[in-house]
**Student:** 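Right, I'll just put the structure down here and ask away after.
Keep in mind that this is a model prediction, so the values were computed, not measured. Start at 1 with the first residue, then count along the sequence. Computation of the quantities below employed the complete heavy-atom set of this structure, encompassing side-chain atoms and omitting hydrogens, waters and symmetry-equivalent molecules.
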Amino acid sequence: DTLNNCMTTAFKLFDDKKCDICCLQDTKILLGDPKGATTEFQTVSRRVISYNTKTGHTITTAVDRHIPIKAVITGPCCLSLIIDMRGLFLRVTNIYAPVFTNKQADNLELQKHWQEVGEHLRSTTIPGKPTMDIIMGDFNAQLGREDGEEGGPIGLNLYHPKSNLP
């Protein structure tokens, strides 16, 4: 229910003409669909593209219907739109990063994840054309997983006086 409310609020921004591009993560639009699945639909004011990443999390990018999309490119954890801005291309990349801890095995997975993101970004350019990038997403930063200098974890909502200052 909270997800539906958030998406409704985000899409209302389009209808009120306050937003042209919106990237949402973990939208569950493709919940139950196979990894790599995509879907697209259009409304009166927007074009909505969803992609189910290799981890099974759905990322969704909504774009004002008047913005010309030249290409939609998916990667293991990314959804990129190439927008033609009359000779200059704008690449909008929506990224979902899985949650990692500080365990050694997760560090290797994290490095692999960002290598895949880098490869996706290198492979989605338009040769010979100037391209500007906007990268948005849920990077799942984990606060409070390492010990601070004074001992004990530091992070929001932990019971540590340094992390909960107003």
Side-chain angles (χ1 to χ4, degrees), residues 1-16 18-85 89-127 129 131-145 155:
D1 187 45
T2 303
L3 177 64
N4 287 334
N5 290 337
C6 290
M7 289 184 65
T8 300
T9 301
F11 290 155
K12 185 172 179 349
L13 292 172
F14 276 91
D15 298 336
D16 294 343
K18 294 178 182 172
C19 180
D20 292 320
I21 300 172
C22 180
C23 293
L24 305 167
Q25 295 76 36
D26 210 8
T27 58
K28 297 179 178 40
I29 289 175
L30 295 172
L31 188 64
D33 285 12
K35 295 172 184 171
T38 59
T39 187
E40 181 175 340
F41 64 89
Q42 234 172 304
T43 68
V44 174
S45 61
R46 64 192 161 272
R47 184 173 168 186
V48 180
I49 302 155
S50 293
Y51 169 65
N52 207 8
T53 67
K54 72 175 186 174
T55 59
H57 296 89
T58 303
I59 50 180
T60 300
T61 303
V63 180
D64 183 281
R65 69 180 180 87
H66 295 101
I67 295 176
I69 298 174
K70 182 171 181 65
V72 176
I73 306 162
T74 59
C77 53
C78 309
L79 170 65
S80 290
L81 305 180
I82 308 294
I83 299 170
D84 187 353
M85 305 294 284
F89 289 98
L90 177 65
R91 177 177 52 187
V92 177
T93 301
N94 189 354
I95 298 173
Y96 181 85
V99 176
F100 291 104
T101 64
N102 282 335
K103 294 178 185 168
Q104 187 66 25
D106 279 352
N107 283 335
L108 294 174
E109 284 298 310
L110 181 62
Q111 288 174 5
K112 182 180 175 190
H113 168 79
W114 289 112
Q115 287 172 346
E116 290 173 343
V117 169
E119 181 56 36
H120 173 81
L121 294 173
R122 282 188 293 281
S123 67
T124 58
T125 60
I126 307 293
K129 298 287 184 179
T131 303
M132 293 179 62
D133 286 308
I134 296 176
I135 298 174
M136 295 183 268
D138 182 349
F139 300 103
N140 275 317
Q142 294 291 306
L143 301 176
R145 298 291 190 228

**Student:** Take I49 and Y51, measure what side-chain contact (heavy atoms from CB on, under 4.5 Å) needs, and give me the verdict at the end.
**Tutor:** CA-CA 7 Å; I49 302 155; Y51 169 65; 5.9 Å; no
**Student:** Have a look at I135 and tell me which of N94, I95, V117 forms a side-chain contact (heavy atoms from CB on, under 4.5 Å) with it.
**Tutor:** I95
**Student:** Are D20 and V63 close enough that some pair of their side-chain heavy atoms sits under 4.5 Å apart?
**Tutor:** no
**Student:** Taking atom OG1 of T131 and atom CZ of F89, what is their separation to the nearest 0.5 Å?
**Tutor:** 7.0 Å
**Student:** Between R91 (side chain only) and L121 (backbone N and O only), is there a donor and an acceptor less than 3.5 Å apart?
**Tutor:** yes
**Student:** Would you say the side chain of M136 lies within less than 4.5 Å of the side chain of V92, judging by non-hydrogen atoms?
**Tutor:** yes
**Student:** Test your reading of the model: is there a side-chain donor-acceptor pair from Y96 to the backbone of T55, 3.5 Å cut-off?
**Tutor:** no
**Student:** Going from NZ on K54 to SG on C77, what distance comes out if it is rounded to the nearest 0.5 angstrom?
**Tutor:** 6.5 Å
**Student:** Partners of D64 by salt bridge (charged side-chain N to carboxylate O under 4.0 Å, His left out), sequence neighbours excluded?
**Tutor:** K17
**Student:** For K35 and G56, work out which heavy atoms get closest and say how close.
**Tutor:** CE-N, 3.9 Å
**Student:** Rounded to the nearest 0.5 Å, what separates atom OG1 in T39 from atom CG in L30?
**Tutor:** 6.0 Å
**Student:** Rounded to the nearest 0.5 Å, what separates atom CD1 in I67 from atom CG in L90?
**Tutor:** 8.5 Å
**Student:** List the steps, then state whether side-chain contact (heavy atoms from CB on, under 4.5 Å) holds for Q42 with R47.
**Tutor:** CA-CA 4 Å; Q42 234 172 304; R47 184 173 168 186; 4.0 Å; yes
**Student:** Determine, stepwise, if the pair L24 / I59 fulfils side-chain contact (heavy atoms from CB on, under 4.5 Å).
**Tutor:** CA-CA 6 Å; L24 305 167; I59 50 180; over 6 Å; no
**Student:** Between S80 and H120, is there a side-chain heavy-atom distance shorter than 4.5 Å?
**Tutor:** yes
**Student:** Are any non-hydrogen side-chain atoms of T93 and L79 less than 4.5 angstrom apart?
**Tutor:** no
**Student:** If you compare all heavy atoms of V72 against all heavy atoms of L81, which two are closest, and at what distance to 0.1 Å?
**Tutor:** CG2-CD2, 3.6 Å
**Student:** So which heavy atom on T53 is nearest to which on P76, and how close?
**Tutor:** CB-O, 3.5 Å
**Student:** Taking N52 for its side chain and P34 for its backbone only, find out whether a donor-acceptor pair lies under 3.5 Å.
**Tutor:** yes
**Student:** Are E116 and K112 close enough that some pair of their side-chain heavy atoms sits under 4.5 Å apart?
**Tutor:** yes
**Student:** Is any side-chain heavy atom of I83 closer than 4.5 Å to a side-chain heavy atom of I21?
**Tutor:** yes
**Student:** With side-chain contact (heavy atoms from CB on, under 4.5 Å) as the test, would you mind laying out the steps for Q25 and H57 before giving the verdict?
**Tutor:** CA-CA 8 Å; Q25 295 76 36; H57 296 89; over 6 Å; no
